[in-house]
Amino acid sequence: MFSGDCRHTGLRMVFALSRDFFARPALAVAPDLIGAFLRVTSAEGTVVLRITETEAYHGVGTPGPYDAGSHSKDRRTPRNASMFGPPGHAYVYFNYGMHYALNMVCMPEGAASGVLVRSGELLEGEELVRRRRATKRGGPLERPIPHSHLARGPGNLAAALGIERDTHDGLDLLATPFMVEQGTAPRKIASGPRVGVAGLAGGPEFPWRFWEHLHPTVSAFRPGRNAPRS
DNA sequence: TTATCGATTCTCT
DNA sequence: GAGAATCGATAAA
């Protein structure tokens with residue numbers, strides 16, 4: 001499923017994912033993104049990580065069961081507008097009063113669908129990420145963050161990449177400052193209920209979370225309120 | 001190992 | 001005004 005333009009960046013050949021890759025339901029895209037590389041550039045520098053955990057969210061216009069856990073389950077609002085935009089763009093939202101989260105928009109324009117990028121393995125830019133994480137915590141850390149936890153969980157991943165709604169919501173993922181590239185295939189992909197999603201949509205009927213089996217960067221599972229246990 | 005709780009503010013009803 | 005696609009610390013088991 002990996003395809004796209006080929007170009008040279010220094011010594012490395014880079015295969016950017018294609019627009020068509022994202023023009024599918026998020027449920028199909030989410031497992032295919034495990035192992036892909038995500039590159040984000042800013043004035044401070046570049047961070048590259050390998051995606052190890054994703055979740056699919058469907059909204060209006062996307063085939064499949066009604067997804068009550070999705071921000072775009074019923075209608076377009078100012079917050080979720082990017083989710084209805086063209087595929088291969090970013091949907092960034094602010095949550096719990098302190099965290100940003102990054103989604104990759106799927107399906108053709110007009111239909112709402114997105115993949116939440118939950119965790120990644122840091123490949124480049126560790127020093128910058130450590131600085132950003134320390135800044136977010138309001139000062140020097142009492143204990144250094146383990147390498148595998150630097151982009152573990154959606155809030156931490158957004159902080160590691162320096163992503164905020166004002167600056168990144170709606171931007172193209174296939175152009176600077178983003179770039180989503182073909183990566184290295186995971187050994188094994190596991191799936192299960194989504195994290196923190198309330199009700200039936202957070203239960204085993206919706207195994208819409210995907211991760212690389214046994215990978216240390218994958219975040220801990222937390223059931224949502226009233227989510228049925230399997 | 002698992003459970004609970006506080007921090008903090010946006011979004012939608 | 002209620003609840004939220006979270007995180008990390010601390011308490012309990």
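Predicted model, so just to flag it, every value in this text is computed and none were measured. Below, chains carry the letters A, B, ... as their sequence lines are ordered, and counting in each starts from 1.
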Distance alone, cut at 3.5 Å: any donor-acceptor contact between the side chains of A:R209 and A:T54? no

Considering just the side-chain nitrogens and oxygens of A:R133, establish if one lies under 4.0 Å of OP1 or OP2 belonging to C:dG8. yes

How does DNA chain B look in dot-bracket notation if pairs are Watson-Crick or G-U with both distances under 3.5 Å, crossing ones as [ ], other-strand ones as |? |||||||.||||.

Would the distance check show the side chain of A:D169 and the main-chain N or O of A:V92 forming a donor-acceptor pair, the cut-off being under 3.5 Å? yes

Rounded off to whole Å, could you give me the CG-to-P distance for the A:N226 and C:dA5 pair? 14 Å

From C-beta outward on A:L116, which listed nucleotide comes closest to its side chain: C:dA5, C:dA4, C:dC7? C:dA5

Please list each protein N or O that sits under 3.5 Å from an N or O in nucleotides 10-13 of chain C, with the distance.
none

Interface limits on DNA chain B, where chain A has a heavy atom under 4.0 Å of a nucleotide atom: B:dA7 to B:dT13

Answer yes or no: is there a donor N or O on one side and an acceptor on the other, between the side chain of A:R50 and the main chain of A:G183, under 3.5 Å? no

With the threshold set at under 4.0 Å for non-hydrogen atoms, list the residues of residues 73-80 of chain A touching DNA chain B in residue-number order. A:R75, A:T77, A:P78, A:R79

Go through residues 93-102 of chain A and report each residue with a non-hydrogen atom lying under 4.0 Å from DNA chain B, sorted by number. A:F94, A:Y96, A:G97, A:M98

For A:S148 and A:T217, test the side chains for any donor-to-acceptor distance below 3.5 angstrom and give the result as yes or no. no

Under a 4.0 Å heavy-atom cutoff, the residues of residues 200-217 of chain A touching DNA chain C are none

Side-chain donor or acceptor of A:H149 paired with backbone N/O of A:H147 under 3.5 Å: no

More than 12 heavy atoms of other residues, nucleotides or ligands under 6.0 Å from CD of A:E126: is that the case? yes

Quick one: does A:S113's side chain have a donor or acceptor within less than 3.5 Å of a partner on A:A26's backbone? yes

A:R130 side chain vs A:I145 backbone, donor-acceptor pair below 3.5 Å: yes

Heavy-atom donor-acceptor pair, A:N80 side chain to A:T77 backbone, under 3.5 Å: yes

Could A:R194 and A:E55 be called an ion pair, given the rule that one side-chain N must be under 4.0 Å from one carboxylate O? no

To the nearest 0.5 angstrom, please state how far the CD1 atom of A:I51 sits from the CZ atom of A:R118. 13.5 Å

A:N103 CG to C:dT6 C1', in whole Å, measures 14 Å

Rounded off to whole Å, could you give me the NZ-to-P distance for the A:K136 and C:dT6 pair? 12 Å

Enter the distance from A:R165:CZ to A:F94:CZ here, rounded to the nearest 0.5 Å. 11.0 Å

Checking A:T62 side chain against A:H58 main chain: does a donor-acceptor pair fall under 3.5 Å? no

Main-chain N/O of A:V218 paired with A:R152 side-chain donor or acceptor, under 3.5 Å: yes

With a 3.5 Å distance limit and no angle check, can you tell me whether A:D172 reaches the backbone of A:L174 through a side-chain donor-acceptor pair? yes

What distance separates A:L200 CG from A:D67 CG, expressed to the nearest 0.5 Å? 10.5 Å

For A:N156, which contact category applies under a 4.0 Å heavy-atom criterion: base, sugar-phosphate, or nothing? sugar-phosphate

Answer with base, sugar-phosphate or nothing: what part of the nucleic acid does A:G153 contact at a heavy-atom distance below 4.0 Å? sugar-phosphate

Is the distance from the ring center of A:H168 to that of A:F178 below 6.0 Å? yes

Do side-chain atoms of A:R24 reach the backbone of A:F21 as a donor and acceptor pair under 3.5 angstrom? yes

Describe the nucleic acid contact of A:R222 in one word from base, sugar-phosphate, nothing, applying a heavy-atom distance below 4.0 Å. base

